[in-house]
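The structure under discussion appears below in the form of structure tokens.
Note that the coordinates shown come from a computational prediction; the quantities given were computed from them, not determined experimentally.
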Amino acid sequence: MSRVLIVGAGLTGSICACLLRRELPNKVNVVVWDKSRGSGGRMSTSRSPNNPSCTVDLGAQYISATPYYARIHSSFYEELLAQDILKPLVAPVEDMMSKEEGIMNYVTPHGVSSIVKHYLKESGAEVLYDRHVTHIHRKDSGWEVCHKGGASQQFDVVVLTMPVPQILQLQGDVGSLMGENQRKKLEAVSYSSRYALGLFYKADARIDVPWAAKYVSNNPCIRFIAIDDKKRNLASKDCGPSVVVHTSVPFGIQHLEEEKDVVQPIILEELAKVMPELPEPDSIKCQKWRYSQVSRSVADCPGQMTLLSQPLLVCGGDGFTHSNFDGCIESALKVFDVLKSSL
């Protein structure tokens, strides 16, 4: 059995882990490490500290399937729809820009992180959190991987699925294994940055607006607002509403190096201008997305980059394709092809 480490418990990493379990069950022992306290990556769902059933999606908001991807990734969509992890988006979204005819939009009734949790559960992998990988060293016929504040471990294969700038920050042998051309391609990858606020309300709070979500075009700070429970068709008497606010990218970049407690009041002040009727929230979660969406991916979108084939060290994620659900599936499939031919 080869011991495979997947770094990153986001969508690409979780699908990779699931494919390994389903296709190579007797060949691999899969371990997933993530530096956060939970799974999801940018498909992150946050809970109210006062009522765990009140949740808000702070990252990805809904999934848009073009006719092309709905066809080539049909098995993924069918599986998630059959298990009620995805449902068609029926709630009204104001000023949604559909670039293509025939796009289907889906929401996640149990929060967008439920997709990642599904694949991790299916993978049967050992998933460990608070594992911030710092160094990767080549050792004998495998890899020694070190994380902050813990003992190093040995693996036969390592898959890196975190944002590309975090791959470039790794210490140890990773830098010396990269060809000059590979390094240039990775250094050219760029991401947009933004802040997200999750606002949680008590059960008796009312937010009376005709939309479930809207794009805001005339505010320097706020770009998107969703009444999250309404967007997911989930409104309930026992649980208060929840609201998510995404800032614009220029605002995110302008305030990127500031502390969240400095930025949060600025966003709330702008929100009061856009939605003066909003009641006082019960609690607020502020999230800084330094790597929100890929604005420039690895040239030619290869889906993966193999840094060394023996022992195998391979990178994947939306930085190698494009920032959406299908981009992550595409990368996971490309990474899996490399793993399958190597194991």
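Side chain of T45 to main chain of D57: no donor-acceptor pair is present (N/O by atom type, distance under 3.5 Å, no hydrogens or angles). Between the side chain of W143 and the backbone N or O of L312, at least one donor-acceptor pair lies under 3.5 Å. Within the 3.5 Å criterion, the main-chain N or O of R3 finds no donor-acceptor partner in the side chain of N29. Between the side chain of W289 and the backbone N or O of L58 there is at least one donor-acceptor pair closer than 3.5 Å. Between the side chain of K230 and the main chain of V209, a donor-acceptor pair closer than 3.5 Å is present. Put simply, the side chain of R42 never gets that close to the backbone of Q293: no donor and acceptor are under 3.5 Å apart. Under a 3.5 Å cut-off, the side chain of Q310 and the backbone N or O of L308 do not form any donor-acceptor pair. R296 places a side-chain N or O within donor-acceptor distance of the main-chain N or O of A188, the cut-off being under 3.5 Å. Although no hydrogens or angles enter the test, the distance criterion places no donor-acceptor pair under 3.5 Å between the side chain of S331 and the main chain of C328. Here the side chain of S248 pairs a donor or acceptor atom with the backbone of P220 at under 3.5 angstrom.
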With side chain to side chain contact (heavy atoms under 4.5 Å, CB included) as the test, would you mind laying out the steps for I266 and Y195 before giving the verdict? CA-CA 11 Å; I266 304 171; Y195 282 84; over 6 Å; no
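No side-chain heavy atom of F336 sits under 4.5 Å from any side-chain heavy atom of I15. In this structure, C146 and H137 have side chains that are in contact, with non-hydrogen atoms separated by less than 4.5 Å.
Heavy-atom minimum distance, I167 versus C315: CD1-CB, 3.9 Å.
Looking at S190 and S295, their side chains do bring a donor and an acceptor atom within 3.5 Å of each other. Looking at Y77 and D326, their side chains do bring a donor and an acceptor atom within 3.5 Å of each other. Remark: the S36 side chain and the D34 side chain contain an N/O donor-acceptor pair separated by less than 3.5 Å.
Ion pairing between a basic and an acidic side chain is recognised when a charged N comes within 4.0 Å of a carboxylate O; D337 and K334 show no such pairing. One finds a salt bridge joining E79 and R22 here, because a Lys/Arg side-chain nitrogen approaches an Asp/Glu carboxylate oxygen to under 4.0 Å. Of the charged side-chain nitrogens involved, at least one lies within less than 4.0 Å of a carboxylate oxygen, so that K273 and E270 count as a salt-bridged pair.
The side chain to side chain donor-acceptor pair (under 3.5 Å) test with H255 is passed by exactly one of E257, E259, E258: E258.
Between atom OH of residue Y291 and atom CE of residue M162 there is a gap of 10.5 Å, rounded to the nearest 0.5 Å. The distance from the CD1 atom of I284 to the OG atom of S46 is 12.5 Å, given to the nearest 0.5 Å. With rounding to the nearest 0.5 angstrom, the CD1 atom of I222 is 11.5 Å from the NE2 atom of H246.
Partners of Y69 under the ring-ring contact (aromatic ring centres under 6.0 Å, His included) rule, at least two apart in sequence or in another chain, are H73, H322.
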